[in-house]
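Below is one structure; the comments refer to it alone.
Just so you know, these numbers come straight off a predicted model, no measurement behind them.
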Amino acid sequence: MNDLRMVRTPLYACLLLAAAWAALSCTSCMRPQAASEVALEPPPTAAPPPEFADISVLSLGQRVPVIMYHDIIEERNRDSQWFDCTVAEFEDQMKTIQQDGSVPISLDELYKHLTTGSRIPDKAIVLTFDDNYQGFFDRALPVLERYNFPATMFVHTAFVGNKSGLHPKMDWPTLETLAHNPLITIESHTVTHPDDITLLGSDQQRHELEDSKQELESKLGVKIDYLAYPDGKNDPMTQDLARQAGYKMAFSIDNMLAEESPNILCVGRYVHTRLQKALQARDDALRGGVLGIFQGDLRPAPVEFKDELFDGAKLALVYGGTPSTMLSDTREGVLDFCRRANAVAGINGGFFAMAAIKSTDNRMVGPLRASDQSGFVPDLEKERWAKLHNRPVILWGPTSIAIVPYQPNIMISDEGFKALVPNYTDLFLAGVWLVHNGLPCSREQLDTFGSKDIEDPRRRAFLGVTSDGRFVIGASHGSISSEKLASAAAAAGVQEAVLLDSGFSTSLVYDGEVKVSGHSTATIPSRPVPHAVVIRGEIAADAATKPQ
């Protein structure tokens, strides 16, 4: 997963080499050494960097909001800060979380989920507190204990025990008590809480990050693995220094779900006043395409064609064979793709960037790897990322297939995809997940981000896999909605399916003939496309003799 990181650390490697060279130089200057001494005392080697794991593609089947609180006060008055939370408001929010069915989890659970894809509760949430306020111990902790909710306190060590002002801080004995509470995790919030840590030099930043961690570990006897940047401010250098200091995960205050964060050292959080927005963002994501992650077997089988009515919709279907994708230099008909590939069947593929019918542009939307091209191509057009995130990416190799929600900022290389299908050969972005676990997706689930025409009646195309591992491509003869296509595909025995480019692009080819065209007039062919899925293999014996 290392290649998925947004943060690079060439400076770190240089510093280690420099330190090793300095150690060698210093030793040689102290006294001359005999040859035997040199042989018996090999030069010191640089210590390896701390183990580090970034956000894994395997985590993208779920979504977790992280909530940030500050002081918990009795009542609001003219001296209150906007981010203060009264005990009554806090009690109400904990009740909201419980009634919503949300399940607070610890930072250790969140970290394991983000870096390994480990399963957590469907409606997991994380509660964090900044700035070491005494109000947490006096007013928030009793409520948390009553609900049995875990939480994390981020401590800025220079202010421990500071009782001045209207917002006194906890002292070390109080923090020791918290450290022994199984519900509470104590982590770092730097030493002095600088207004903007990114404006400090590297040595000052290192002091803020390292000394806070070391003092908390020394005085409380706990391992400090996590960090909250003061006011959420950070940049690549700060993230790099945090990693060098031994932090495994760090938090900003950018409003985003944890899995959609730029990287593990910049995980987003919602301030508590936006709790409802955070819960809504999670629910919208889960309704809008984040159905989980599918990983399944793909097995070769004879190619079989069906042209039948399924749940009231007539579909042309091709089962079996060995699938692969092709990218044209310009655009061409699916029949042309099949002829070039010596394939027995094919269908139009993913979505292309230039919609104009007469265009010859072959650029695609989303990440891409085609069998007839060299290497993985990311989608770096950031202005369209918001419309694409959480749409399904489908990928396969010789023996396995997977579907995962698209997360643009961490899918800029193919290393993460290899965790799903290590020897994958084909990958592209589909329109929406149609069938999951053998069940058609509901209209609400199909109403995904950026797909405003998802329910418009038109000729529609899809691909997927059956429960026994056969690849399947299909298209509707008539104009139908995506919801109807989903129910028909499920009725045809498809276990997992995603929507392909539809409308005038729809084109299913079998045995040298166009079986479904995007046009209702047979004499008008489907429009040429830059990308297609082709099927190679032997036609099933009974299908070869059966009239079509």
Side-chain angles (χ1 to χ4, degrees), residues 298-301 303 318-354 359-381 392-404 406 411-418 420-431 461-465 470-475 498-501 505-515 525-539:
L298 194 61
R299 69 175 183 86
V303 179
V318 177
Y319 298 87
T322 300
S324 62
T325 56
M326 299 176 68
L327 183 68
S328 173
D329 290 336
T330 56
R331 298 188 186 185
E332 54 191 303
V334 174
L335 186 58
D336 297 317
F337 278 102
C338 290
R339 287 168 175 162
R340 285 201 295 114
N342 194 28
V344 298
I347 197 166
N348 55 289
F351 296 79
F352 37 98
M354 185 63 69
S359 173
T360 58
D361 189 299
N362 73 342
R363 289 172 298 168
M364 300 295 293
V365 171
L368 179 74
R369 180 172 182 180
S371 292
D372 65 340
Q373 303 291 318
S374 59
F376 170 82
V377 180
D379 188 332
L380 300 179
E381 299 293 332
V393 174
I394 186 162
L395 62 153
W396 64 84
T399 60
S400 53
I401 185 170
I403 305 173
V404 60
Y406 181 45
M411 291 181 171
I412 56 174
S413 85
D414 68 348
E415 287 302 310
F417 295 115
K418 292 176 182 177
L420 291 167
V421 181
N423 57 347
Y424 88 96
T425 55
D426 298 84
L427 175 151
F428 65 94
L429 184 72
F462 73 91
L463 66 76
V465 64
R470 289 180 298 156
F471 199 83
V472 57
I473 58 175
V498 296
L499 181 70
L500 300 176
D501 193 11
S505 297
T506 302
S507 181
L508 187 142
V509 170
Y510 173 73
D511 198 18
E513 296 182 7
V514 178
K515 297 296 186 179
S526 301
R527 68 175 173 181
V529 294
H531 183 251
V533 180
V534 297
I535 307 293
R536 297 179 177 90
E538 296 296 325
I539 294 177

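When all heavy atoms of A475 and F462 are compared, the closest pair comes out as N-CE2, 4.3 Å. The two atoms that bring V472 and V465 nearest to each other are CG1-N, 3.7 Å, heavy atoms only. Closest approach of A345 to I473, counting heavy atoms only: CB-CD1, 4.4 Å. Considering every non-hydrogen atom in both F351 and A430, the closest pair reads CE1-C, 3.8 Å. G320 approaches V303 most closely through the heavy-atom pair C-CG2, 4.3 Å. The nearest pair of heavy atoms linking N423 to S400 is OD1-OG, 4.5 Å.
A distance of 9.5 Å separates CG in L463 from CG in L499, rounded to the nearest 0.5 Å. One distance of note links NZ of K418 with OG of S413; it measures 8.0 Å at 0.5 Å rounding. If you take CG on L427 and CG on L420, they are separated by 9.5 Å, rounding to the nearest 0.5 Å. Distance CG/D336 to CE/M326: 10.0 Å, rounded to 0.5 Å. A distance of 9.0 Å separates CZ in F376 from CD1 in I412, rounded to the nearest 0.5 Å.
Checked options R340, R527, R339; the residue passing with E332 is R340 (criterion: salt bridge (charged side-chain N to carboxylate O under 4.0 Å, His left out)). Screening I347, V318, V334 for a side chain to side chain contact (heavy atoms under 4.5 Å, CB included) with V509, the sole residue that qualifies is V334.
Using modelled atom types, one finds a donor on one side chain and an acceptor on the other under 3.5 Å when comparing D426 with S371.
Checking side-chain atoms of W396 against main-chain N and O of P323 turns up a donor-acceptor pair under 3.5 Å. Side chain of D379 to main chain of V365: no donor-acceptor pair is present (N/O by atom type, distance under 3.5 Å, no hydrogens or angles). Under a 3.5 Å cut-off, the side chain of S507 and the backbone N or O of N348 do not form any donor-acceptor pair. At distances below 3.5 Å, at least one donor-acceptor pair connects side-chain atoms of R331 with backbone N or O atoms of D361.
Shown here is D329, whose CG atom has no more than 12 heavy atoms of other residues, nucleotides or ligands within 6.0 Å. The local environment of CD in E538 is sparse, with at most 12 non-hydrogen atoms from other residues, nucleotides or ligands closer than 6.0 Å.
For Y406, the side-chain hydrogen bond (donor to acceptor under 3.5 Å, both in side chains) criterion is met by no residue, not counting sequence neighbours.
Aromatic ring pairs are classed by plane angle as parallel below 30°, tilted from 30° to 60° and perpendicular above 60°; the pair H531 and F428 is perpendicular.
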